[in-house]
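Written out below as structure tokens is the structure these notes cover.
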Amino acid sequence: MPELPEVEVICQGLQPHIIGKRIRNIHCSDKRLRVPIDCEGMLSELCNQQIHSLTRRAKYLILKMKNGAGLIMHLGMTGNIGIFNQGTVRKKHDHICWLLDNDKEMRFNDTRRFGAAHLLPAKNAQILENAFFAATGPEPFARNCTAGYLHKLAAKRSQAVKNFIMDSHVIAGIGNIYANESLFRAAIHPARPASSLSEKEWRRLLTIIRKTLRHAIQCGGSTISDFVNASGDGGYFQMNFQIYGKNGEACAVCERTIQRTVLGGRASFFCPTCQRISD
DNA sequence: CAAGTTACCTGACGGC
DNA sequence: TGCCGTCAGGTAACTT
């Protein structure tokens, strides 16, 4: 579900509900996420502490308490975090529930349990956070994320450009949907070797990635199956999909039939006319 | 060291 | 009706 835009929408949606609130109790399911949930650790580090901030880095959410402790959370494929009234029935895959001091409860729901929550104890939170993101590529909107950087890094990579831009060590936050959509909008074939793009093409692609992500955030993200923001509203960027999931349909630009292929094990869609394999 | 494969999970859907 | 295979927004530990 969640790529950068969806995580950003969840982050912005949660902030007004939780900043400054105190966590009164934490309840965890007995199931493990991608890593085990450290419920004991969360109780001792986060309980009775006030929430200082919630931010996003790549597809991760970072919760910080005023005592310095923190939590790095990932939503995996099916994760979501929402705000609910305490006492309302918890859903089947609610794995972590943080009870706040305003009768609200923040709940982490994740059907497939590919998500994760990493605790950052107060005494070395910043060191652990830095280590956690040490190998993560720049944010697409960051100043140090430039066409020159991508062009130079891609020079030694023979892999498909789509796989390259989905590599979180290269650039953060781009998943399968927005990789497909951005490459279509940039008229670049997803299977082209990353090293074959000129710096000019990287400039165009980066501009379009940014535009596409920004647009998706403004739309409240993409709702496939059941994505909703913190208030329970779905996004509507899926209305703007031009290529993702559209194999067999006519290209909106040239009417040629959209093709589906598999790259890096992920469904990849392209228009054979608009996205030429060689330039 | 780059790049491909596998594992981690549940649920929806289509074919039979 | 149900059983089976396939597929799904992600990531990291493996292997090659």
Exercise. Does OP1 or OP2 of B:dT10 have a side-chain N or O of A:Lys92 closer than 4.0 Å?
Worked result: no
For this session: Could you check whether A:Ala116 gets within reach of a base, just the sugar-phosphate, or nothing at all, counting any heavy atom under 4.0 Å?
Result: nothing
Seminar exercise, completed: Here the distance between atom P of C:dT11 and atom CD1 of A:Ile174, to the nearest Å, is 11 Å
Exercise. Any side-chain N or O of A:Ser158 under 4.0 Å from OP1/OP2 of B:dA3?
Worked result: yes
Exercise. So what does A:Lys31 hit on the nucleic acid, given a heavy-atom distance under 4.0 Å: a base, only sugar-phosphate, or nothing?
Worked result: nothing
Exercise. Is a donor-acceptor contact shorter than 3.5 angstrom present between the side chain of A:Arg112 and the base of C:dA8?
Worked result: yes
For this session: With heavy atoms under 4.0 Å as the rule, sort A:Phe237 into base, sugar-phosphate or nothing.
Result: nothing
Exercise. Base, sugar-phosphate alone, or nothing: which one does A:Phe164 contact when heavy atoms must sit under 4.0 Å apart?
Worked result: nothing
Problem set entry | Atom P, compared across C:dT6 and B:dT6: separation rounded to whole Å | 14 Å
For this session: Indicate whether any N or O donor in one side chain lies under 3.5 Å from an N or O acceptor in the other, for A:Asn109 and A:Lys92.
Result: no
Problem set entry | Residue A:His93, side-chain heavy atoms: nucleotide from C:dG9, B:dG11, B:dA3 that is nearest | B:dG11
Seminar exercise, completed: Among the nucleotides B:dG4, B:dT10, B:dA3, whichever has the atom closest to the side chain of A:Asn163 is B:dG4
Exercise. In Watson-Crick or G-U wobble terms, both distances under 3.5 Å, what is the partner of B:dA2?
Worked result: C:dT16
Problem set entry | Whole-angstrom distance between B:dT5 and C:dC7, as gauged at atom P | 15 Å
Exercise. Between the side chains of A:Lys64 and A:Ser53, does any donor sit under 3.5 Å from an acceptor?
Worked result: no
Exercise. Less than 6.0 Å separating the ring centroids of A:Trp98 and A:Phe84?
Worked result: no
For this session: Flag the pair A:Arg192 and A:Glu201 as a salt bridge only when some basic side-chain nitrogen lies within less than 4.0 angstrom of an acidic carboxylate oxygen.
Result: yes
For this session: Look at the side-chain N and O atoms of A:Lys156 and state whether any lies under 4.0 Å from the OP1 or OP2 oxygen of B:dC1.
Result: no
Exercise. Using the benzene-type ring in the case of Trp, are the ring centres of A:Phe133 and A:Tyr60 under 6.0 Å apart?
Worked result: yes
Exercise. So, is A:Arg266 near the phosphate of C:dG9, with a side-chain N or O under 4.0 Å from OP1 or OP2?
Worked result: yes
Exercise. So what does A:Arg34 hit on the nucleic acid, given a heavy-atom distance under 4.0 Å: a base, only sugar-phosphate, or nothing?
Worked result: base
Problem set entry | Pair partner, B:dC9 [Watson-Crick or wobble, under 3.5 Å] | none
For this session: Kindly say if A:Tyr244 contacts the phosphate of C:dG9, meaning a side-chain N or O under 4.0 Å from OP1 or OP2.
Result: yes
Problem set entry | side-chain N/O A:His169 vs B:dA2 OP1/OP2, d < 4.0 Å | no
Problem set entry | Presence of A:His74 side-chain N/O under 4.0 Å of C:dG10 phosphate oxygens OP1/OP2 | no
For this session: Using a heavy-atom cut-off of under 4.0 Å over every strand shown, decide if A:Arg260 touches base, sugar-phosphate, or nothing.
Result: sugar-phosphate
Exercise. What's the closest nucleotide to the A:Arg113 side chain, out of C:dG10, B:dC9, B:dA3?
Worked result: B:dC9
